[in-house]
Amino acid sequence: MDRMGSGQEGAERTHGTAKRLAALLVENRVLVLVLVCLAVFMLLLAEVLEGELMRIDALARWLIVEHLRADWLTPIMEAFSALATPMVIVAMLLVIAAFAPGKRPGWCCALNVGLVALLNLGIKALVQRPRPEGINLVVEHGFSFPSGHSMAACAFFGLLVWLVWHYEDDRRRRMLFSAAFSLIILMIGISRIYLGVHYASDVIGGFCASLIWLAFYTRIAVPLFLGPTPTRRKVERSARGERP
């Protein structure tokens, strides 16, 4: 009986510890995300600086470039890739500035994209990784790591996801827009590999860099433009017409 009791107590302590750990991870999920992205980025950077083709790059080339390319698919991938070009992003920023309440959301998004572009150019200048050769379907110039399109897409559409998630009171629209913007980010990254202008590690590195950037930008810059971030409960109460 004593053994059974001690075993049950041990199981309860283990369960309690696991619950506390899970709660701690949820409470600090942004920090966890930053640390994971930083670890992945530094791992990729170390491999890139060694100058050898990574397994993930070879696998992505085999799957996407050698087996996924098709005449009907190429224009679609070019269209996704174009969504992260400066001209298109500027056009979308103008739309945000025109339809968002006040000028602050537009300036918030514009500063975000501008600073991310400078960050990308700085990292590229330091790493100086050559682009893939012999497989490109479009002509691109400059260095390869991290992908500028991927960083811009993740920063721009990622901020839109964050804004929708925190400020949209309709649950269906919140889920729909968040899923749509997330899918666009993913497809822009895939399109850069498909078009042969980036390695998979360039795209993943770009995503990681932008996620780290957004974690700080949404905590520091966004409140300066839009004020304190409303919690989900406050948004839902406001949608129901209740007082906080």
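For this chain, numbers begin at 1 and follow the sequence in order.
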- Approximate separation, where rounding is to 0.5 Å, of Phe145 CZ and Leu49 CG: 8.0 Å
- Do Trp62 and His67 pass the side chain to side chain contact (heavy atoms under 4.5 Å, CB included) test, and can you show the C-alpha distance, the side-chain angles, and the key distance before you say yes or no? CA-CA 7 Å; Trp62 175 82; His67 289 81; 2.9 Å; yes
- Item | Phe225 with Trp213, same ILVMFWY side-chain cluster at under 4.5 Å | yes
- Would you find a donor on one side and an acceptor on the other, under 3.5 Å apart, between the side chain of Asn120 and the backbone of Met151? no
- Task: Write down the atom of Asn112, the atom of Ala155, and the distance for their closest heavy-atom approach.
- Result: ND2-O, 2.9 Å
- Interatomic distance, CG@Leu211 vs CG@Leu33, rounded to 0.5 Å, equals 5.5 Å
- Message: Are more than 12 heavy atoms, taken from residues, nucleotides or ligands other than Trp162, located less than 6.0 Å from that residue's CH2 atom?
- Response: yes
- Query: Any side-chain heavy atom of Leu159 sitting closer than 4.5 Å to one from Val222?
  - Reply: yes
- Distance-minimising heavy-atom pair for Ala110 and Leu93: N-CD2, 3.7 Å
- Task: Taking Gln128 for its side chain and Ala125 for its backbone only, find out whether a donor-acceptor pair lies under 3.5 Å.
- Result: yes
- Query: Of all heavy-atom pairs between Ala60 and Ile193, which one has the smallest distance, and what is that distance?
  - Reply: CB-CG2, 4.2 Å
- Query: Same hydrophobic cluster for Val95 and Val88, using side-chain heavy-atom links shorter than 4.5 Å among ILVMFWY?
  - Reply: no
- Item | Separation of Lys124 NZ from Leu121 CG (nearest 0.5 Å) | 7.0 Å
- Message: Testing the 3.5 Å rule here: is there a donor-acceptor pair between the side chains of Arg192 and Ser81?
- Response: yes
- Item | Stepwise side chain to side chain contact (heavy atoms under 4.5 Å, CB included) test for Val30 and Arg219 | CA-CA 10 Å; Val30 175; Arg219 290 295 182 93; 3.6 Å; yes
- Message: Quick check on Arg131: does its CZ atom have over 12 non-hydrogen neighbours (other residues, nucleotides or ligands) under 6.0 Å away?
- Response: yes
- Query: Sub-3.5 Å donor-acceptor pair from the side chain of Asp170 to the main-chain atoms of Arg173, do we have one?
  - Reply: yes
- Any side-chain donor-acceptor pair under 3.5 Å between Thr74 and Tyr194? yes
- Side-chain heavy atoms of Leu44 within contact of Asp202, under 4.5 Å: no
- Could you walk me through whether Ile204 and Cys208 pass the side chain to side chain contact (heavy atoms under 4.5 Å, CB included) check? CA-CA 6 Å; Ile204 297 172; Cys208 288; 4.2 Å; yes
- Query: Is any side-chain heavy atom of Phe156 less than 4.5 Å from a side-chain heavy atom of Ile96?
  - Reply: yes
- How many angstroms lie between CE in Met77 and CH2 in Trp72, if you round to the nearest 0.5 Å? 8.0 Å
- Query: Hey, does Met92 have a side-chain heavy atom less than 4.5 Å from the side chain of Phe157?
  - Reply: yes
- Item | Heavy-atom side-chain proximity of Leu63 to Leu68 below 4.5 angstrom | no
- Decide yes or no for Leu163 and Glu168: does some side-chain heavy atom of the first lie under 4.5 Å from some side-chain heavy atom of the second? no
- Looking at CD1 of Ile190 and CD1 of Ile185, how far apart are the two atoms once the value is rounded to the nearest 0.5 Å? 12.0 Å
- Closest non-hydrogen atoms of Ser178 and Val164, given as atom of the first, atom of the second and distance, are OG-CG1, 4.1 Å
- Worked check of side chain to side chain contact (heavy atoms under 4.5 Å, CB included) between Phe177 and Val161: CA-CA 7 Å; Phe177 284 120; Val161 170; over 6 Å; no
- Hphob cluster co-occupancy, Phe216 + Leu119, side-chain heavy atoms under 4.5 angstrom: yes
- Message: Quick check for you: to the nearest 0.5 Å, what is the distance between Thr85 atom OG1 and His149 atom NE2?
- Response: 6.0 Å
- Task: Flag the pair Pro132 / Ser144 as yes when at least one side-chain heavy-atom distance between them is below 4.5 Å, and no otherwise.
- Result: yes
- Query: Do Ile135 and Val197 belong together in a cluster built from hydrophobic side chains that touch within less than 4.5 Å?
  - Reply: no
- Message: Minimum heavy-atom separation for Ile212 and Cys37, please, with both atom names.
- Response: CG1-CB, 3.7 Å
- Atom CD of Glu133 with >12 non-hydrogen neighbours under 6.0 angstrom: no
- Message: Ring centroids only, cut at 6.0 angstrom: are Phe207 and Phe41 within range, meaning strictly under it?
- Response: no
- Between Pro146 and Val127, is any pair of side-chain heavy atoms under 4.5 Å apart? no
- Message: Just to verify, which of Arg61, Met54, Arg55 counts as forming a side chain to side chain contact (heavy atoms under 4.5 Å, CB included) with Asp57?
- Response: Met54
- Message: Hydrophobic clustering (ILVMFWY, side-chain heavy atoms < 4.5 Å, transitive) - are Met42 and Ile56 grouped together?
- Response: yes
- For Asn136 and Val138, work out which heavy atoms get closest and say how close. ND2-O, 3.1 Å
